[in-house]
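Let me begin by presenting the structure, written as structure tokens, before commenting on it.
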Amino acid sequence: MSSLLRIALQKSGRLSEDSYQLFKECGIRFDYGTGKLKSISSNFPAEFLFLRDDDIPGYVEDGVADLGIVGENVAVEMGRNVKTIHKLGFSKCRLSIAILRGTEWTGVQSLEGKNIATSYPNLLGNYLAGEGVKAHIHEISGSVEIAPSIGLAEAVCDIVSSGSTLLSNGLKEVETIFRSEAILITHTELDADKQALADKLLFRIKSVQAAKNNKYIVLNAPNHALERITSLLPGMKSPTVTPLATEGWSSVHSVLNENEFWENIEAIRAAGAEGILVIPIEKMIY
Ligand code: PRT
Ligand code: ZN
């Protein structure tokens with residue numbers, strides 16, 4: 001196979017480190033760093049392009065890049081013709097409306113006829129239209145948070161993560177209009193070779209994510225409790241049960257999902273499990 005899968009990543013910013021880390025965990029090596037604009041992987045048929053995040057959806061739409069990692073907020077705002085193939089679970093944030101602290105808020109109708117500063121005119125416009133509210137949208141490209149204090153707008157619509165930027169600018173968050181995380185996007189028509197490479201990459205990404213979402217669990221249980229305990233630990237197919245040297249006891253090995261971790265651990269203990277070991281999983285292949 002001669003073609004290289006071209007993958008666009010943010011050069012330097014809030015998406016970069018986690019994107020680079022994801023490829024590392026997928027066993028795909030490439031050089032990146034100051035001044036580098038592209039790099040060919042030494043062990044996977046891929047070329048990486050390092051770009052501003054705002055340019056990534058356009059490059060993927062045009063087919064200059066086959067795949068890209070970008071914030072969902074940017075992808076949706078730009079409305080480019082690209083396919084979202086997977087959510088990546090990092091760079092989580094929300095797009096929220098905020099107003100000056102001390103200002104009255106009785107719901108989104110409070111924005112009727114007001115000025116709202118944002119870098120996301122499309123997302124905000126769609127939201128307001130859906131709510132039947134008419135307001136003036138002032139598109140600005142950065143430092144949106146200072147707009148109310150300098151009299152440019154009564155409200156802002158901006159990305160929030162911890163909320164500390166809003167707080168330090170005297171603003172309070174009143175409405176979340178969109179939740180975002182990093183996503184993997186592709187060109188809409190990849191040729192067969194590139195599609196096969198994209199599928200291979202996606203398989204690795206899913207295996208890495210599944211491993212992060214699960215833990216390997218080993219425990220000892222009295223045989224009379226096995227039925228109850230194994231029903232709480234279905235594992236990938238079914239748990240492994242082996243006898244212990246001590247008569248009447250077994251060892252149970254399985255995987256446990258992170259989301260219901262504590263509830264299950266408590267139920268397993270209550271059922272009689274002892275000596276529970278929980279171990280991280282590096283990769284999980286279904
Ligand atoms: O240089 P380039 O154009 O590539 O990068 P950029 O500066 O445009 O983007 P960057 O690196 O700041 O963000 C890239 C993506 O990360 C965004 O499109 C979001 O999808 C996501 N993300 C996650 C965030 C944040 N968290 C975030 N906190 N993007 C921006 N912020 C801003 C926010 O607007 C606020 O002004 O960070 C500030 C701090 O937020 P608080 O709430 O933690 O104080
Ligand atoms: Zn940007």
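Computed from a predicted model, the values in this text were never measured in an experiment. Indexing begins at 1, ligand by ligand and atom by atom, following the structure's order.
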Who pairs with Asn126 by side-chain hydrogen bond (donor to acceptor under 3.5 Å, both in side chains), at least two apart in sequence or on another chain?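 So Asn126 forms no side-chain hydrogen bond (donor to acceptor under 3.5 Å, both in side chains) with any residue.
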
Under 6.0 Å between ring centres: does that hold for Tyr20 and Tyr32?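 Ring centroids of Tyr20 and Tyr32 are less than 6.0 Å from each other.
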
Centroid separation under 6.0 Å, is that true for the rings of Phe48 and Phe23?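 Phe23 vs Phe48: aromatic centres under 6.0 Å.
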
Using a distance-only test with no angle check, is there a side-chain donor-acceptor pair under 3.5 angstrom linking Gln195 and Asp199?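 Distance-only check passes for Gln195 and Asp199.
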
If I compare all heavy atoms of Arg204 with all of Ile28, which pair ends up nearest, and what's the gap?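 Shortest heavy-atom separation between Arg204 and Ile28 comes out as NH1-CG1, 3.7 Å.
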
Return the minimal non-hydrogen interatomic distance between Gly235 and Ser254, and the atom names on each side.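 Heavy atoms of Gly235 and Ser254 come nearest at CA-OG, 3.1 Å.
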
Any donor-acceptor N/O pair, Glu77 side chain to Asn122 backbone, under 3.5 Å: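 The answer is yes, because a donor-acceptor pair under 3.5 Å joins these two groups.
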
Would you check if the side chain of Glu181 reaches a backbone N or O of Ser91 as a donor-acceptor pair within less than 3.5 Å?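 Side chain of Glu181 to backbone of Ser91: no pair is present.
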
Are any protein N/O atoms closer than 3.5 Å to the N/O atoms of ligand 1? If there are, list each pair with names and the distance to one decimal place.
| residue | atom | partner | partner atom | Å |
| --- | --- | --- | --- | --- |
| ligand 1 | 1 (O) | Arg52 | NE | 3.1 |
| ligand 1 | 3 (O) | Arg52 | NE | 2.5 |
| ligand 1 | 3 (O) | Arg52 | NH2 | 2.9 |
| ligand 1 | 3 (O) | Asp53 | OD1 | 2.9 |
| ligand 1 | 3 (O) | Asp54 | OD1 | 2.9 |
| ligand 1 | 4 (O) | Gln10 | NE2 | 2.9 |
| ligand 1 | 4 (O) | Asp53 | N | 2.9 |
| ligand 1 | 4 (O) | Asp53 | OD1 | 3.4 |
| ligand 1 | 5 (O) | Gln10 | NE2 | 2.9 |
| ligand 1 | 8 (O) | Asp53 | OD1 | 3.3 |
| ligand 1 | 11 (O) | Gln10 | NE2 | 3.0 |
| ligand 1 | 11 (O) | Arg14 | N | 2.7 |
| ligand 1 | 12 (O) | Arg14 | NH1 | 2.8 |
| ligand 1 | 18 (O) | Asn73 | ND2 | 3.1 |
| ligand 1 | 20 (O) | Asn73 | OD1 | 2.6 |
| ligand 1 | 34 (O) | Ile159 | O | 3.0 |
| ligand 1 | 36 (O) | Glu145 | OE2 | 2.7 |
| ligand 1 | 37 (O) | Arg14 | NH1 | 3.4 |
| ligand 1 | 37 (O) | Arg14 | NH2 | 2.8 |
| ligand 1 | 42 (O) | Ser161 | N | 2.8 |
| ligand 1 | 42 (O) | Ser162 | N | 3.1 |
| ligand 1 | 42 (O) | Gly163 | N | 2.8 |
| ligand 1 | 43 (O) | Ser162 | N | 2.8 |
| ligand 1 | 43 (O) | Ser162 | OG | 2.7 |
| ligand 1 | 44 (O) | Ser162 | OG | 3.4 |
| ligand 1 | 44 (O) | Ser164 | N | 3.4 |
| ligand 1 | 44 (O) | Ser164 | OG | 3.2 |
| ligand 1 | 44 (O) | Thr165 | N | 2.9 |
| ligand 1 | 44 (O) | Thr165 | OG1 | 2.6 |

Please give me the protein atoms (N, O or S only) lying under 2.8 Å from the Zn ion (ligand 2), ordered by chain and number.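 For the Zn ion (ligand 2), the protein N, O and S atoms that sit under 2.8 Å away are Asp53 OD1, Asp54 OD1.
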
Linking directly or through intermediates, with side-chain heavy atoms under 4.5 Å: list the remaining ILVMFWY members grouped with Ile265, chain and number order.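 For the cluster that includes Ile265, the remaining residues are Ile217, Leu219, Leu226, Ile229, Leu232, Leu233, Val241, Val252, Leu256, Phe261, Trp262, Ile268, Ile276, Val278.
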
